[in-house]
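Since the structure comes first, as C-alpha cells, the remarks are kept for the end.
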Amino acid sequence: MTLTIPNHLSPIRSYIEKRYETDEIFREIYNDYLAYVAAHRFWSHNNTDVAPDRVREYANLVSELEKDLKQMLMKGLDEAF
C-alpha cells in the first residue's frame, strides 16, 4: 500500500512514512486526517445548501489535524537528536 501524502507535505514524506509505520497513534491521526481531506474535497464540489458549512467544518478539521501531525513529527525529530 502506498501512503497518500498531500503535495504540500511531500518535503517531509520520509518522516511521515517512517512515523506512520512505527507509531500507532500517529497512524490513527493520519488516517483521520486523510478522511477529513477526502470529505473536504467532496463537500468542495457539492452544490447543496449545507455544502459551505461542511467545507468550513472540514477545512478546520484538516487544519487542526495537520498541526497536530506536524507537532508530533517535530517532537520525534527533537527526541532523535
Side-chain angles (χ1 to χ4, degrees):
M1 176 187 102
T2 302
L3 184 60
T4 301
I5 298 176
N7 288 338
H8 69 282
L9 296 178
S10 63
I12 57 173
R13 171 180 293 277
S14 63
Y15 298 114
I16 293 171
E17 290 172 339
K18 188 178 291 185
R19 192 72 181 259
Y20 188 89
E21 290 176 12
T22 61
D23 185 332
E24 183 178 346
I25 293 170
F26 182 88
R27 186 169 42 252
E28 289 174 8
I29 293 171
Y30 195 81
N31 288 337
D32 288 345
Y33 168 77
L34 292 177
Y36 294 155
V37 167
H40 181 264
R41 190 176 307 120
F42 170 81
W43 286 108
S44 294
H45 295 94
N46 192 293
N47 295 323
T48 62
D49 291 342
V50 298
D53 292 335
R54 297 292 87 77
V55 168
R56 281 190 296 278
E57 176 184 346
Y58 283 105
N60 286 334
L61 290 168
V62 166
S63 177
E64 288 299 315
L65 281 185
E66 193 170 297
K67 284 183 214 171
D68 292 346
L69 291 167
K70 287 179 179 178
Q71 286 176 348
M72 291 176 79
L73 290 168
M74 291 303 294
K75 184 178 180 199
L77 287 174
D78 288 344
E79 291 172 356
F81 293 101

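Note that the NE2 atom of H45 and the NE2 atom of H40 stand 10.0 Å from one another [nearest 0.5 Å]. Between the OG1 atom in T4 and the CG atom in L34 there is a gap of 6.0 Å [rounded to 0.5 Å]. Expressed to the nearest 0.5 Å, how far OH of Y15 lies from NZ of K70 amounts to 14.5 Å. In this structure, the separation between CH2 on W43 and CZ on R56 is 12.5 Å, given to the nearest 0.5 Å. From D49, atom CG reaches atom CZ of R54 across 11.5 Å, with rounding to the nearest 0.5 Å. Atoms NZ and CG, from K18 and L73 in turn, are 11.5 Å apart once rounded to the nearest 0.5 Å.
Smallest separation of non-hydrogen atoms from L3 and R13: O-NH1, 4.0 Å. Nearest approach of A51 to N46, heavy atoms of both residues: CB-O, 3.3 Å. N31 and Y20 make their closest contact through OD1-OH, 2.8 Å (heavy atoms, listed as atom of the first residue, atom of the second, distance).
Residues in residues 20-38 take part in these salt bridge (charged side-chain N to carboxylate O under 4.0 Å, His left out) pairs, two or more places apart or across chains: R19-D23.
Ring-centre distance between Y30 and Y33: below the 6.0 Å cut-off.
Side chain of S63 to backbone of N60: no donor-acceptor contact under 3.5 angstrom is found.
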